[in-house]
Amino acid sequence: MDTSDALRDFLISRRARLRPGDVGLPDHGVRRVSGLRREEIAALAAVSVEHYIRLERGQASRVSDAVLDAVADALRLSTGERRYLRSLARPAAGADGADRADGTGRNGAVSGGRGVRPSVQRVLDSMTDTPAYLVGRGGAVLAWNRPAARVFVDFGRVPVAERTVGRLIFVDPYARWLYVDWEAKAREAVSYLRTETGKRPRDRELAREIGDLAAHSADFRRLWSEQHVLETTHATVVLRCGPPHDRLEFSWEALQMTGDPDEVVLVYTAAPDTPTASALRKLCGAHRGGRAPR
């Protein structure tokens with residue numbers, strides 16, 4: 001990904017969503033462009049118009065951290081958006097598409113004989129009534145437990161190259177039935193992928209994944225153009241389930257467990273004494289005995 005282009009597109013989109021009244025400016029009627037003008041953002045940030053234009057053109061190396069912070073304030077950026085802005089303006093050295101030092105490439109492809117630690121898999125398997133799965137770099141699903149395979153999809157039957165957050169949401173038609181609010185889940189997935197590109201703007205595998213999703217799905221292209229950034233590590237989700245349970249309502253948390261900043265475990269819990277908790281016990285109890293399918 002070209003960080004200059006990404007920075008330009010992001011700033012323009014955040015500027016376009018603001019109206020004069022949002023920032024205490026008078027509204028003088030019809031505008032030729034959507035949102036605030038460049039000079040208005042510059043004035044709100046107390047920087048020169050030239051400084052802001054330089055930043056919007058992707059020339060972030062010539063802009064100080066203080067200017068970045070002032071522009072973020074002027075644009076009313078959220079915490080997640082601020083992190084994304086800084087990741088584009090100050091890309092980390094070595095943030096490219098090379099394999100990691102532990103021998104593991106993207107999508108869990110193992111080049112040095114190492115994968116998910118057995119102890120990590122045992123932790124997942126110990127959650128006998130709690131769906132959980134491990135997501136790695138670029139959204140690759142690296143490990144899971146039996147409840148997750150029952151509630152979401154039998155990950156073991158999905159080819160490794162297709163076992164990613166993006167492809168499971170946008171390529172597999174089953175997802176549109178599974179998620180009651182598929183649009184919200186799809187927006188969440190796109191926000192996650194955009195945040196990933198901010199962390200690794202020169203990751204060639206990630207860029208290829210996003211390109212493939214854009215080529216396959218008009219919904220992905222639409223949501224990608226909205227420039228959403230991941231804001232949360234917890235939320236709720238409602239899933240469809242076969243009869244007699246019909247629907248399952250979960251809260252999920254993203255937890256750091258492996259020590260690898262690229263990996264998170266998503267854990268889905270049901271409130272106690274609810275139809276979902278009862279249905280989950282029955283669903284998992286009927287398929288107990290042995291490890292999660294691989």
Side-chain angles (χ1 to χ4, degrees), residues 1-18 22-23 35-36 41 44-47 51-52 54-97 100 106 134-140 164-166 184-203 205-207 209-210 213 220 223-235 252-266:
M1 178 182 69
D2 186 309
T3 54
S4 296
D5 290 346
L7 180 59
R8 178 199 63 211
D9 293 344
F10 179 66
L11 289 174
I12 290 174
S13 73
R14 300 306 87 174
R15 180 163 59 85
R17 73 179 177 178
L18 292 174
D22 298 335
V23 296
L36 297 184
I41 294 297
L44 289 168
V47 302
H51 262 83
Y52 180 74
R54 188 177 297 134
L55 181 60
E56 198 168 278
R57 286 175 176 171
Q59 300 171 10
S61 63
R62 301 175 61 186
V63 173
S64 69
D65 288 347
V67 169
L68 275 181
D69 291 338
V71 168
D73 290 340
L75 290 171
R76 306 299 194 261
L77 298 188
S78 66
T79 300
E81 289 170 335
R82 287 170 182 267
R83 285 195 297 264
Y84 182 65
L85 172 63
R86 187 162 289 272
S87 69
L88 294 177
R90 304 285 188 265
D96 56 22
R100 291 179 292 182
R106 219 180 72 74
L134 173 65
V135 176
R137 187 173 179 176
T164 68
V165 169
K185 185 63 181 179
R187 180 171 286 106
E188 177 189 295
V190 170
S191 301
Y192 164 76
L193 288 172
R194 180 169 295 284
T195 303
E196 285 287 285
T197 64
K199 295 177 184 176
R200 286 175 294 280
R202 293 182 290 276
D203 187 325
E205 291 278 347
L206 180 57
E209 171 89 348
I210 291 169
L213 290 171
F220 181 87
L223 292 170
W224 186 258
S225 71
E226 295 175 3
Q227 299 279 332
H228 292 294
V229 176
L230 189 65
E231 298 287 355
T232 185
T233 57
H234 59 90
W252 63 262
E253 298 279 345
L255 309 176
Q256 289 281 349
M257 190 174 75
T258 67
D260 186 332
D262 290 335
E263 295 181 354
V264 295
V265 175
L266 298 182

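All values below come from the heavy atoms of this structure, side chains included, with hydrogens, waters and symmetry mates left out.
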task: Starting from the C-alpha separation in whole Å, work towards a yes-or-no answer on side-chain contact (heavy atoms from CB on, under 4.5 Å) for R76 and D22.
output: CA-CA 9 Å; R76 306 299 194 261; D22 298 335; over 6 Å; no
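- Ion pair R17/E81 flagged as a salt bridge, since at least one NZ, NE, NH1 or NH2 atom sits closer than 4.0 Å to an Asp/Glu carboxylate oxygen.
- The shortest heavy-atom contact between L193 and G138 is CD2-O, 3.8 Å.
- Residues that satisfy the side-chain contact (heavy atoms from CB on, under 4.5 Å) test with A74, not counting sequence neighbours, are I41, L44, A45.
- Contact between Q256 and D260 at its shortest, heavy atoms only, is OE1-O, 3.3 Å.
- At a threshold of 4.5 Å between non-hydrogen side-chain atoms, the residues T164 and V135 do not count as touching.
- Salt bridge status for R82 with D69: absent, with no side-chain N to carboxylate O gap under 4.0 Å.
- A search for side chain to side chain donor-acceptor pair (under 3.5 Å) contacts involving E188 returns K185, not counting sequence neighbours.
- Of all non-hydrogen atoms in G58 and S4, the two that sit nearest each other are O-OG, 3.4 Å.
- A salt bridge links R187 with E226: at least one charged nitrogen is closer than 4.0 Å to a carboxylate oxygen.
- Every side-chain contact (heavy atoms from CB on, under 4.5 Å) that T195 has, sequence neighbours left out, goes to K199, V229, L230.
- Listed by chain and number, the residues in a side-chain contact (heavy atoms from CB on, under 4.5 Å) with H51 are V47, S48, R54, V67 (sequence neighbours excluded).
- Scored by the side-chain contact (heavy atoms from CB on, under 4.5 Å) test, R8 finds D5, I12 as partners (sequence neighbours excluded).
- Proximity of R194 to H228: side-chain heavy atoms (C-beta onward) are nowhere separated by under 4.5 Å.
- W252 contributes atom CH2, which lies 5.5 Å from atom OG1 of T232 (distance to the nearest 0.5 angstrom).
- Considering only heavy atoms from C-beta on, L75 comes within 4.5 Å of L11 through its side chain.
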task: Show the numbers, then the answer: is there a side-chain contact (heavy atoms from CB on, under 4.5 Å) between Y192 and V264?
output: CA-CA 12 Å; Y192 164 76; V264 295; 5.8 Å; no
- prompt: Are L77 and Y84 close enough, and set up right, to give a side-chain contact (heavy atoms from CB on, under 4.5 Å), and what steps lead you there?
  reply: CA-CA 10 Å; L77 298 188; Y84 182 65; over 6 Å; no
- prompt: Passes side-chain contact (heavy atoms from CB on, under 4.5 Å), R137 versus R200? Steps please.
  reply: CA-CA 10 Å; R137 187 173 179 176; R200 286 175 294 280; 3.2 Å; yes
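- Here the straight-line distance linking atom CG of L85 with atom CG of L55 works out to 6.5 Å at 0.5 Å rounding.
- Rounding to the nearest 0.5 Å places CD of Q59 at 10.0 Å from CG of L7.
- Listed by chain and number, the residues in a side chain to side chain donor-acceptor pair (under 3.5 Å) with E56 are R15, R38, Y52 (sequence neighbours excluded).
- At most 12 non-hydrogen atoms from other residues, nucleotides or ligands lie less than 6.0 angstrom from CZ of R57.
- In this structure, L68 CG and R86 CZ are separated by 5.5 Å, a value rounded to the nearest 0.5 Å.
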